[in-house]
Student: 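Got a structure here, written out as C-alpha cells. Questions coming.
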Amino acid sequence: MFMSKREKILDTGPRVCFFVQTGFGTAFTYLTSGVFLSGFALLMGAGDVLVSYLSVVVNICGVLILGLASYLERFQSRKRLTVIFTVLSRTATLFIVIIPAVVPRKIQIPAFILAVVTAFTLQAQAAVALNQWMMGFIDEKKSGQYISLRQTLTLSVTVILSVTGGIWMDHMKGEYLGFVVLFGAAALMSVFEIILLMRTPDGAPYRPAGMGCRLRDALKVPLRDRAFMGFVIYILAFYLLLNISDSFTMVYMIKYLALPYKTVTAMYMIISLPQIVLLGFWGRISDKRGHAFVLKTSVWLFAGETLFMSFAAPKNWFLFIPAAFLVSSAANAGFVVAVFNRRYELMPKGNRILYDNFYTAMIGLGFILGPMIGGAVKGILESGAAVRSAAAMNGIRGLYLISTAGILLLQVIYYHLQGKREVCVHVKG
C-alpha cells in the first residue's frame with residue numbers, strides 16, 4: 001500500500017527528479033553545516049555566540065537575498081537560475097574547509113565568517129529558485145504528501161550521515177583531516193546533484209505580474225498583501241522566540257555538557273527517526289484539514305521542546321534532552337510540511353520571487369535577532385559570576401524558559417486575533 005501511494009505522488013518525471021535531488025542536496029548540506037560546521041568553527045577557536053549563529057546560518061543569510069529579488073524576477077528560466085546559484089553556492093561552501101590551510105591564523109575567523117556568509121547567502125537564493133521551479137510540477141491537492149515524502153528522504157539521508165559522520169569524527173578525534181574528508185564527500189554529492197538538475201526539464205517560461213521589479217517593490221508589493229503579511233509576522237515572531245534559546249543547543253551539548261560527536265548525532269537522530277513516520281501522518285492531515293491547522297498545532301509543541309531543555313543539566317541530560325527532542329520531532333514534522341505549503345498557498349503566482357525573497361529575508365531577521373537577544377540575556381546572567389562555566393550553563397537553561405513563555409504568549413495572541421477576524425467575517429456575512 002505504501003508503494004502504491006508513493007507511486008501516485010511520484011507520478012511524473014520532474015517530480016521524481018526533484019525527489020531524488022533532495023537526497024543529494026541534503027547530503028551536501030548536512031556534511032557542510034550543523035554539528036560539523038559548528039565543530040569546525042570550534043576547532044578554529046570561534047566563540048559561543050558565533051557557533052550559536054552557525055546552526056541557523058542559512059536562514060540568517062536569507063536576509064541578504066532581498067536585494068536580489070528585483071533583478072532575478074527578470075529571469076524566465078527557473079532551471080537556469082537554480083543551476084547557476086547551486087554551482088556558485090556549492091563552490092563557495094567547499095572553500096570554507098581550506099581556510100585553515102591557506103589563511104593566516106590571525107585572520108582565520110574573519111575569513112571564516114565572510115566565507116560562511118557568502119556561501120549560505122548563495123544557498124538561500126538557490127533554495128528559493130529551486131522551490132519556484134519545483135512548484136510548477138506539484139499537484140496542489142497532493143502538495144502536503146509530496147513535501148512530506150521529500151522530507152522523509154531528507155531525514156533518511158540525515159540519519160545515515162549522522163551515524164557515519166559521527167563515528168568518523170570521533171575516530172579522527174575532531175581533527176582537521178576529518179573535516180576535509182567530510183567536505184570532500186559533500187563535493188561528490190554536489191556533482192551528482194548538479195548533473196541531476198541539468199537533466200530535469202524546465203518549467204514554462206516565468207512571466208512576472210504587471211508590477212515593477214525595482215528594489216522598493218521587493219518591500220512594497222508583499223507589504224500590501226495583508227493575508228501574506230499576517231503569516232510572515234507570525235512565523236517571524238515564532239522563529240525569533242524559538243532561537244533565543246534553540247540556537248545555543250549545539251554549543252550547549254558540545255562545549256558545556258562535553259558530549260562526544262557520536263552522542264550529539266545520536267541525540268539529533270531522536271528528532272530525525274520518528275519524523276520518517278510522522279511526516280506522512282502530518283502530510284495527510286495537512287491535505288485534509290488545511291495547512292494553517294497543522295501549522296498552528298505544531299507551534300504549540302515547540303513550547304514543550306524548550307521547556308524540557310530548560311531542565312537539562314550534566315546529571316540528567318540523558319532524560320530531558322531525549323524528551324525534548326522527541327517533542328521537537330513531532331513539532332518539526334508538522335511544521336516543515338505546513339509552513340512550506342501555507343506559504344505558497346497565500347503567495348500569488350505573479351511576482352513569486354519578490355514574495356519568496358521577502359519571506360526568506362523577514363524570517364532571517366528572526367534567526368538574527370533571536371540569538372542576538374539570547375546572547376545579550378546570557379551575558380547579563382553571566383556577569384559578575386564567580387564560576388563562569390556554571391553561570392554560562394545556567395544562563396542557557398534560563399533562555400529555554402524565556403522561549404517557552406514567549407511561544408505560549410504568541411499562540412494566545414494568535415488565537416485571539418484569529419477569533420476576532422472570524423467574528424468580523426461572520427458579521428459581514
Side-chain angles (χ1 to χ4, degrees), residues 3 5-32 58 62 65 68-69 71-94 119-120 122-158 161 185-208 279 283 336-337 340-341 343-344 347 349-353 355-357 360:
M3 287 298 294
K5 286 183 178 180
R6 186 173 67 180
E7 289 170 0
K8 289 180 181 179
I9 299 171
L10 302 176
D11 53 359
T12 66
R15 291 175 193 167
V16 173
C17 287
F18 287 118
F19 175 75
V20 177
Q21 176 274 331
T22 303
F24 291 125
T26 299
F28 180 90
T29 301
Y30 189 82
L31 291 170
T32 59
V58 176
I65 71 173
L68 298 175
Y71 175 72
L72 298 181
E73 276 286 356
R74 304 167 190 172
F75 279 73
Q76 292 187 1
S77 173
R78 289 294 176 257
K79 175 179 178 177
R80 182 183 177 190
L81 201 60
T82 302
V83 171
I84 289 173
F85 275 99
T86 300
V87 171
L88 291 174
S89 67
R90 298 320 186 227
T91 303
T93 304
L94 293 172
F120 286 91
L122 292 170
Q123 283 194 33
Q125 187 62 73
V128 168
L130 176 67
N131 289 339
Q132 298 283 333
W133 180 16
M134 179 183 68
M135 288 304 293
F137 295 97
I138 295 181
D139 182 355
E140 292 183 3
K141 295 180 181 178
K142 301 177 182 178
S143 61
Q145 295 173 74
Y146 183 77
I147 297 303
S148 69
L149 190 61
R150 289 181 84 237
Q151 286 299 125
T152 301
L153 176 59
T154 295
L155 288 168
S156 299
V157 173
T158 299
L161 294 179
L188 183 62
M189 295 297 102
S190 70
V191 171
F192 292 140
E193 179 188 18
I194 292 166
I195 292 173
L196 183 61
L197 288 174
M198 295 181 71
R199 294 176 62 87
T200 304
D202 202 353
Y206 176 74
R207 305 289 184 187
L279 280 163
V336 295
V337 171
F340 183 92
N341 285 295
R343 172 167 126 219
Y344 285 97
M347 191 185 300
K349 293 184 178 180
N351 295 101
R352 274 193 162 182
I353 285 284
Y355 274 82
D356 226 344
N357 279 26
T360 304

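Counting begins at 1 with the first residue of the sequence. The basis for the numbers below is simple: all heavy atoms, side chains too, and nothing from hydrogens, waters or symmetry mates. Everything numeric in this text was worked out from a predicted model, so none of it was measured.
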Student: Nearest heavy-atom pair of Asn341 and Gly144: which atoms, and what distance?
Tutor: ND2-CA, 3.6 Å
Student: Please name the residue in the list Leu88, Leu130, Leu197, Thr200 that meets the side chain to side chain contact (heavy atoms under 4.5 Å, CB included) test with Val83.
Tutor: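 Checked Leu88, Leu130, Leu197, Thr200 against Val83; only one passes side chain to side chain contact (heavy atoms under 4.5 Å, CB included): Leu197.
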Student: What distance do Ile84 atom CD1 and Leu122 atom CG have between them, rounded to the nearest 0.5 Å?
Tutor: 11.5 Å
Student: Which atoms form the tightest heavy-atom contact between Tyr30 and Thr158, and what is the distance?
Tutor: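 Taking every non-hydrogen atom into account, CE1-CG2, 3.6 Å.
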Student: Walk me through whether Gln125 and Leu81 qualify under side chain to side chain contact (heavy atoms under 4.5 Å, CB included).
Tutor: CA-CA 9 Å; Gln125 187 62 73; Leu81 201 60; 5.5 Å; no
Student: So which atom in Pro201 and which in Pro14 form the shortest heavy-atom distance, rounded to 0.1 Å?
Tutor: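 Residues Pro201 and Pro14, closest heavy atoms: CG-CG, 3.6 Å.
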Student: Under a 4.5 Å cut-off applied to non-hydrogen side-chain atoms, are Met189 and Thr26 in contact?
Tutor: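 Met189 does not reach Thr26 side chain to side chain.
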Student: How long is the straight-line distance from CZ of Arg199 back to CD of Gln21, given to the nearest 0.5 Å?
Tutor: 15.0 Å
Student: How about Met135 and Met347: do any of their side-chain heavy atoms sit closer than 4.5 Å?
Tutor: no
Student: Which atom pair, heavy atoms only, marks the closest approach of Ala27 to Leu161?
Tutor: CA-CD1, 3.6 Å
Student: Before you tell me yes or no, could you show the steps for Leu153 and Leu149 under side chain to side chain contact (heavy atoms under 4.5 Å, CB included), namely the whole-Å CA-CA distance, both residues' side-chain angles and the distance that decides it to 0.1 Å?
Tutor: CA-CA 7 Å; Leu153 176 59; Leu149 190 61; over 6 Å; no
Student: Answer whether the closest heavy-atom distance between the side chains of Asn131 and Arg343 falls below 4.5 Å.
Tutor: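 With C-beta onward as the side chain, the pair touches.
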Student: For a quick check under 3.5 Å, do Gln123 and Thr93 share a side-chain donor-acceptor pair by atom type?
Tutor: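 Judged by distance alone, the side chains do pair up.
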Student: Using a 4.5 Å cut-off on heavy atoms from C-beta on, say whether the side chain of Val336 contacts that of Ile147.
Tutor: no
Student: From Phe19 CZ over to Thr12 OG1, what is the distance, rounded to the nearest 0.5 angstrom?
Tutor: 13.0 Å
Student: Once you round to the nearest 0.5 Å, how far does OG1 of Thr82 lie from CD1 of Ile194?
Tutor: 12.0 Å
Student: Looking at Tyr146, does the NZ or CZ of Arg15 lie under 6.0 angstrom from its six-membered ring centre and within 45 degrees of the ring axis?
Tutor: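 Judged by the rule (NZ or CZ under 6.0 Å from the ring centre, within 45° of its axis), Arg15 is not positioned above Tyr146.
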Student: Taking the side chain from Thr86 and the backbone from Ala126, do they hold a donor-acceptor pair closer than 3.5 Å?
Tutor: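 Answer holds: no.
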Student: Please name the pair of heavy atoms, one in Leu196 and one in Phe24, separated by the smallest distance, quoted to 0.1 Å.
Tutor: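 Shortest heavy-atom separation between Leu196 and Phe24 comes out as CD2-CD1, 4.4 Å.
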Student: When the ring centroid of Tyr344 is compared with that of Phe340, is the distance short of 6.0 Å?
Tutor: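 Distance test on ring centres: under 6.0 Å, yes.
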Student: For a quick test of reading the model, state the closest non-hydrogen atom pair linking Arg90 to Phe28 and the distance between them.
Tutor: CD-CE2, 3.3 Å
